[in-house]
Number of protein chains: 2
Amino acid sequence: MIEDKTPEMQGPVCPVPVAHNEQIVIGHGSGGKMTSNLINKSFLPQFDNPVLNEGNDAGVITLDSRLRLAISTDSHVVSPLFFPGGDIGKLAVCGTVNDVAMMGATPLYLTAGFIIEEGLNLSVLNQIIVSMKDAAQEANVEIIAGDTKVVQRGYGDGLYINTSGIGVFKHNFDISGSSAKPGDLVILSGSIGDHGMAVLTARNELGFEVDIKSDIAPLNHLVSSMLDTSEKIHVLRDPTRGGVASTLNEIASQSHICIELDETSIPVHPHVNAICEMLGFDPLYVANEGKLIAIVARDDADKILGKMHKTQYGKEAVIVGEVKESPQDRVLMRTSIGSLRVVETLSGELLPRIC
Amino acid sequence: MIEDKTPEMQGPVCPVPVAHNEQIVIGHGSGGKMTSNLINKSFLPQFDNPVLNEGNDAGVITLDSRLRLAISTDSHVVSPLFFPGGDIGKLAVCGTVNDVAMMGATPLYLTAGFIIEEGLNLSVLNQIIVSMKDAAQEANVEIIAGDTKVVQRGYGDGLYINTSGIGVFKHNFDISGSSAKPGDLVILSGSIGDHGMAVLTARNELGFEVDIKSDIAPLNHLVSSMLDTSEKIHVLRDPTRGGVASTLNEIASQSHICIELDETSIPVHPHVNAICEMLGFDPLYVANEGKLIAIVARDDADKILGKMHKTQYGKEAVIVGEVKESPQDRVLMRTSIGSLRVVETLSGELLPRIC
């Protein structure tokens, strides 16, 4: 029984001071500065706990005083549902598998929550489910819990999928965004910007056709072979929303170091480069879904690269930069003409609904 | 590089035979027959694994040959976001805490994935986050991983929240929908239909005001005290979407037994009853978010009830029926005039977007 009207019926009571009528805008989902502000100002102060506060791709917990697990969650709202190289189902599986793998853990189990818009063709849903199954098989994970909700027409966009992932640690290395050390080298597993540009071309807004395929892939087997090769992998991160630039800035801030990139060494597929130039995008800010950044001890870098080159998703791995002591919390880029420029985190939004 | 147009560009290829143009309708999210058909025909054949196939509120996995965990996921799309007694944030935390608890596990950690529609007032989001924090504190769980996505106006409904939960087993009882045994008694923890009717009244479509408050609550402490009292709790389930009727039908099918309910013993709040009568709803099909059904050995029922009565959310617990051998897979109800009628699973949809 309620005695009075609940407060929400008279308009929400604001527990955190925010500008009157401040609203969520698309940029809050960019993976860049605005997302990070929203997380730091709205979520972290309330959900405050050491695991979440670490700010890594997955939370690490210890159960029963012995068993360390990495736990991750990601909601996928990519538009359109299908694009060259994949679909929302493959994305949902690989995205979460990769977040768990980036902690150095072996992903084992996923959950899947579906928000379906009324009117979605059942054959489309079934195709996406098959795609999830295939990706899960490749990654060697099982989907062990699920949920299905349906919303009315006009309150969704066909299908949104949340996946959460659970992984166990087979090694006891301290892999984290805060573990980069001066002297370390920065490895990138391959060309950048493919996913973002593939989704963009699938939107048919370019007015011409381009041969770009998303790089979506489960990276856990690649990570596993790297961890078997060296104990000196300090940071692993997949540069998704916000791209390589935003991911490296996160790491620079977490580790309080400077990352200096060498522009000429960063691989960009020629078609991706062409579209980026045409549209005024910088590939450094475009999302990837099958690439990783590894920050590793200099003396093990060659050994790790060698191992990566023998794997399906690490064939084109290259060293793209190094970690320096200062200026702290900064990413710099040595350009092709030899000058140094600051690489900022993405501000605003480049391409909404890319993952 | 893609050589040809991907198949999805020419319309999706259907991997599972379905009627041409068969579409998802609101009833697929009801929690009743249509949801169960969708799960059985589309999801389970692909995601096929013993854990998922069990069909319980959470999947149970064993890590490192020793540690049993219960894992659950739920996407929350309730409309409106605020209703008497709670909001989508409290719902998201309690819903998943309860799913884990219904396996007999102790929920410890949650993940939270937010899909926010552009234009949501930041103060509304903040209020919901505080509500999640409060519910998590009451349930004694921590939110250890999160994700935020933003969709454009017209592609969401303010806010959808997915929560996944992880719990550990402190007891080694085999609690499952398939463990009900003839002779067992059926306990219901309190009055039914409050949540569904509270959300309905918040939609302001009734044309009058009623004093009904959602029963949303985290039930893990109640479950924990029950498990400390008896080893003979065979089934625990929270009757959410589809209500008590659909939940009991699920159990009857999983355990291949008959559940016989006593109509006069089922508690329904007078205001809930009045609205249900007016609108032609049967409270047995209306969603609850703070109630549980326990199927327990007859000789321990009084002891368990006694313990429940001492707790905040079990004060009004009553025995509402018993388990019989046949007719298998059926729920029957002894009505107030002494006749027996079949209680079917919900078919179609009663109230969309209730959770």
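None of the values given here were measured: they were computed from a predicted structure.
Of the listed residues A:A145, A:G59, A:A198, the one with more heavy-atom pairs under 4.5 angstrom with chain B than any other is A:A145. Counting heavy-atom pairs closer than 4.5 Å to chain B, the top residue among A:D74, A:V77, A:V51 is A:D74. Most heavy-atom pairs under 4.5 Å with chain A, from the set B:T148, B:D48, B:L52, B:I26: that is B:I26. The residue among B:P45, B:G158, B:P50, B:G156 with the most heavy atom pairs within less than 4.5 Å of chain A is B:G156. Counting heavy-atom pairs under 4.5 Å between each of A:R241, A:M132, A:E117, A:H28 and chain B puts A:R241 at the top. When A:V168, A:V60, A:L67, A:I116 are compared by the number of non-hydrogen pairs under 4.5 Å with chain B, A:L67 comes out ahead. Interface remark: of the candidates B:Q137, B:E142, B:K149, B:K133, B:K149 forms the most heavy-atom pairs closer than 4.5 Å to chain A. Interface summary for chain B: among A:L125, A:T111, A:I166, the most heavy-atom pairs under 4.5 angstrom belong to A:T111. Taking chain B as the reference chain and counting heavy-atom pairs below 4.5 Å, the highest number among A:S30, A:G154, A:G119, A:A58 is found for A:G119.
Contacts of B:V151 with chain A are made by both backbone and side-chain atoms, with heavy-atom separations under 4.5 Å. Of the atoms belonging to B:Y109, it is side-chain heavy atoms, and not backbone ones, that fall under 4.5 Å from chain A. Using a 4.5 Å cut-off between heavy atoms, B:I115 touches chain A through its side chain atoms alone. Using a 4.5 Å cut-off between heavy atoms, B:F47 touches chain A through backbone and side chain atoms alike. Contact of B:L38 with chain A is made through the side chain alone, with heavy-atom distances under 4.5 Å. At a 4.5 Å heavy-atom cutoff, the contact between B:I143 and chain A is made by backbone and side-chain atoms alike. For A:I129, the parts lying under 4.5 angstrom from a heavy atom of chain B are both the backbone and the side chain.
Comment: A:R66 does not engage B:D64 in a salt bridge, judged by the lack of any side-chain N to carboxylate O separation of less than 4.0 angstrom.
Classification of the B:F83-B:H195 ring pair by plane angle, with boundaries at 30° and 60°, yields perpendicular.
No more than 12 heavy-atom neighbours from other residues, nucleotides or ligands sit within 6.0 angstrom of OH on B:Y155.
Looking at A:I161 and A:I128, their side chains come closer than 4.5 Å, going by heavy atoms from C-beta outward. Within the 4.5 Å cutoff, no side-chain heavy atoms of A:P352 are placed close to those of B:V150. You'll find the side chain of A:I24 stays beyond 4.5 Å of the side chain of B:L159, heavy atoms only.
Put simply, CE on A:M103 and CZ on A:F169 are 5.5 Å apart, with the number rounded to the nearest 0.5 Å.
Judged purely by distance below 3.5 Å, without hydrogens or angles, the side chains of A:T73 and A:N162 pair a donor atom with an acceptor atom.
In this structure, B:V100 and B:S72 approach most closely via the heavy-atom pair CG2-CB, 3.9 Å. Across every non-hydrogen atom of B:H271 and B:D211, the tightest pair is ND1-O, 3.2 Å.
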